[in-house]
Number of protein chains: 2
Amino acid sequence: MPKRVDHEERRRAIAEALWRIACARGLDGASLRDVAAEAGISLGQLQHYFSSKDEMLVFALKYLGELAEKRIRTRLMGLAVPPSPRDVLRETVLEMLPLDEESRTGNLVQIAYFVRALHDERLRGHAREGVPALRAFFADQVRSGIARGEVDSSRAADAEAMLLIALTDGLTTYLLLEVCTPDEAKGLLEGHLERLFTP
Amino acid sequence: MPKRVDHEERRRAIAEALWRIACARGLDGASLRDVAAEAGISLGQLQHYFSSKDEMLVFALKYLGELAEKRIRTRLMGLAVPPSPRDVLRETVLEMLPLDEESRTGNLVQIAYFVRALHDERLRGHAREGVPALRAFFADQVRSGIARGEVDSSRAADAEAMLLIALTDGLTTYLLLEVCTPDEAKGLLEGHLERLFTP
DNA sequence: CTTATTGCCATACAACTGACTTGGAAAGCA
DNA sequence: TGCTTTCCAAGTCAGTTGTATGGCAATAAG
């Protein structure tokens, strides 16, 4: 065998190049040649690591999700133990919003995938799969808040979870469009949680 | 002059063909030839009515917005006069959600435009322009609710308006992904308004 | 050394894209 | 009847796309 190469690392580097292109020009504007150039490699080399464009797209999407999850997990590590449900929800949501440049790129790419998933059966599964888990996680936090007497027991945990996810997603949209400022979005979410966590 | 043709009507028919393609395959998957075929005309004829693809895209977007606004206006006509702010908000939001097939198509196309607008300066203006008006309209309704004693005076009308828009937008996303059922979305919005309109 | 495997490259190719050109048919005005 | 304007069909063009292919260099196993 020739000089051994870490395949996964190369694939991740290519995926990151894809994100940069997708962030600037959209996912459909990212040709294999563009991605290869952005990654500083030849088209042939790219094809050596991804046998088709579709394979590259799916890999980059899964990698994107992994990184996002890791970012949230790391942020939650910084909370006091045991963390209050309210803090967990706030920090998670704030980490999901496009409030810094890195997160903005991630959300931009995520949305590009989302739109493509609406018309592509294969991608739809990947785009959908994370939602139920996130919703269950949020619902657990709300239930925990109810148990601690911080949330009114008349609240339906599952409904509140979906509400919070949808709100976060909507604010993400308007943050990306720059119709809404980061401070405003943060304020709206804080206010929403404030009302939720007041029996 | 030859057989006289209603230019605007032709352009609208072409725009509707574009929507059908965009709904099924995405906006980037809609070539001029595809749109022409869907509209039942030749490529040459299409180019006679739109001198460039960009012009066609912008026209179809503006037309889409006009139709959506008209649908909401018509729906609000059906309310009692004078309508209560709560009814106005509920009916407006329900009309915005992709709850029937026509609305689903509209939202699908709208989102396709939104994503393209994130990377296209010209489109960004068109995508943004409707938001402030909608927000002001919602804020007025909330203020009216406060004046009638139906909404707690501690609520900030402008913030509540943005909250409602973001929530609607987020629910739209998850309705399109079929992660959320229409009944569930309606229930969440009703619940949100219920809490808003209880002093 | 030989040989097989792996990494990588340049090129080719068929399909498709948006834009443009040419030409002619249809219809009202002179 | 010309004549002009509007409408539209067909073809062409340069450029880009994803994919496939043939080959070369490096390296490790036999």
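Chain identifiers are assigned alphabetically (A, B, ...) following the order of the sequence lines, protein sequences preceding nucleic acid strands; residue numbering begins at 1 within each chain.
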Novice: At under 4.0 Å between heavy atoms, what does B/L32 touch on the DNA or RNA strands: base, sugar-phosphate, or nothing?
Specialist: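 Touches sugar-phosphate only.
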Novice: Could you pull out every donor-acceptor pair under 3.5 Å between side chains of residues 175-190 of chain A and any protein atom, sequence neighbours left out?
Specialist:
residue, atom, partner, partner atom, Å
A/T181, OG1, A/E184, N, 3.1
A/E184, OE2, B/R135, NH1, 3.1
A/E184, OE2, B/R135, NH2, 2.3

Novice: Is the shortest side-chain N/O distance from B/R10 to OP1 or OP2 of D/dC7 below 4.0 Å?
Specialist: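 B/R10 to D/dC7 OP1/OP2: no side-chain N or O under 4.0 Å.
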Novice: Under the 3.5 Å rule, do the base of C/dC20 and the side chain of B/Q47 count as making a donor-acceptor pair?
Specialist: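 It does, because a donor-acceptor pair links the side chain of B/Q47 to the base of C/dC20 below 3.5 Å.
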Novice: Any chance CZ of B/R148 has more than 12 other-residue heavy atoms, nucleotides or ligands included, within less than 6.0 Å?
Specialist: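 Buried by this count: over 12 neighbours within 6.0 Å.
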Novice: Looking at C/dG7, I'd like to know if its phosphate oxygens (OP1 or OP2) sit under 4.0 Å from a side-chain N or O belonging to A/H7.
Specialist: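 Looking at the OP1 and OP2 atoms of C/dG7, one of them is under 4.0 Å from a side-chain N or O of A/H7.
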Novice: Salt bridge or not between B/R73 and B/E69? Use side-chain N to carboxylate O under 4.0 Å.
Specialist: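 Result for this pair is yes, salt bridge flagged.
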Novice: Would B/R143 and B/D140 pass as an ion pair if we require N to O under 4.0 Å?
Specialist: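 A salt bridge links B/R143 with B/D140.
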Novice: Can you identify which nucleotide, out of D/dC8, D/dT17, C/dA19, has its nearest atom closest to the A/D34 side chain?
Specialist: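 Closest nucleotide to the A/D34 side chain: D/dT17.
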Novice: Does a side-chain N or O of B/S31 approach OP1 or OP2 of C/dC16 to a distance below 4.0 Å, or not?
Specialist: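 The answer is no; no side-chain N or O of B/S31 sits under 4.0 Å from OP1 or OP2.
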Novice: May I have the distance from A/L46 (atom CG) to C/dT11 (atom C1'), rounded to whole angstrom?
Specialist: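 That distance rounds to 17 Å.
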Novice: Would you jot down, in residue-number order, the residues of residues 48-60 of chain A having a non-hydrogen atom under 4.0 Å from DNA chain D?
Specialist: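 The stretch gives A/S52, A/K53 as the residues lying under 4.0 Å from the strand, ordered by number.
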Novice: Send over the distance from B/I14 CD1 to D/dC8 C1', rounded to a whole Å.
Specialist: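 These atoms are roughly 12 Å apart.
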Novice: Rounded to whole Å, how long is the line connecting atom CD of B/Q45 with atom P of D/dT6?
Specialist: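 For the pair B/Q45 CD and D/dT6 P, the rounded distance is 16 Å.
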Novice: Whole-Å distance between D/dT16 P and A/D28 CG?
Specialist: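 Going from A/D28 (CG) to D/dT16 (P), I get 17 Å.
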Novice: Base, sugar-phosphate, or nothing: which does B/I41 touch, judged by heavy atoms less than 4.0 Å apart?
Specialist: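 Nothing, no nucleic acid heavy atom in range.
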Novice: Atom CG of A/L43 to atom P of C/dC13: distance rounded to whole Å?
Specialist: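 About 16 Å, once rounded to whole Å.
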Novice: Is the Lys NZ or Arg CZ of A/R11 less than 6.0 Å from the centre of A/F59's six-membered ring, within 45° of the axis?
Specialist: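 Yes, a cation-pi geometry holds between A/R11 and A/F59.
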Novice: Assign each of A/S42 and A/R33 to its nearest nucleotide of DNA chain C by heavy atoms, then name whichever residue's nucleotide is nearer the 5' end.
Specialist: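 The 5'-side residue here is A/S42.
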Novice: Taking 4.0 angstrom as the limit, do A/R116 and A/D28 come out as a salt bridge?
Specialist: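 Looking at A/D28 together with A/R116, the answer is yes, because their closest N to O distance falls below 4.0 Å.
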Novice: Does the distance from a Lys or Arg side-chain N to an Asp or Glu carboxylate O, for A/R86 and A/E91, drop under 4.0 Å?
Specialist: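 The answer is no: the pair does not qualify as a salt bridge.
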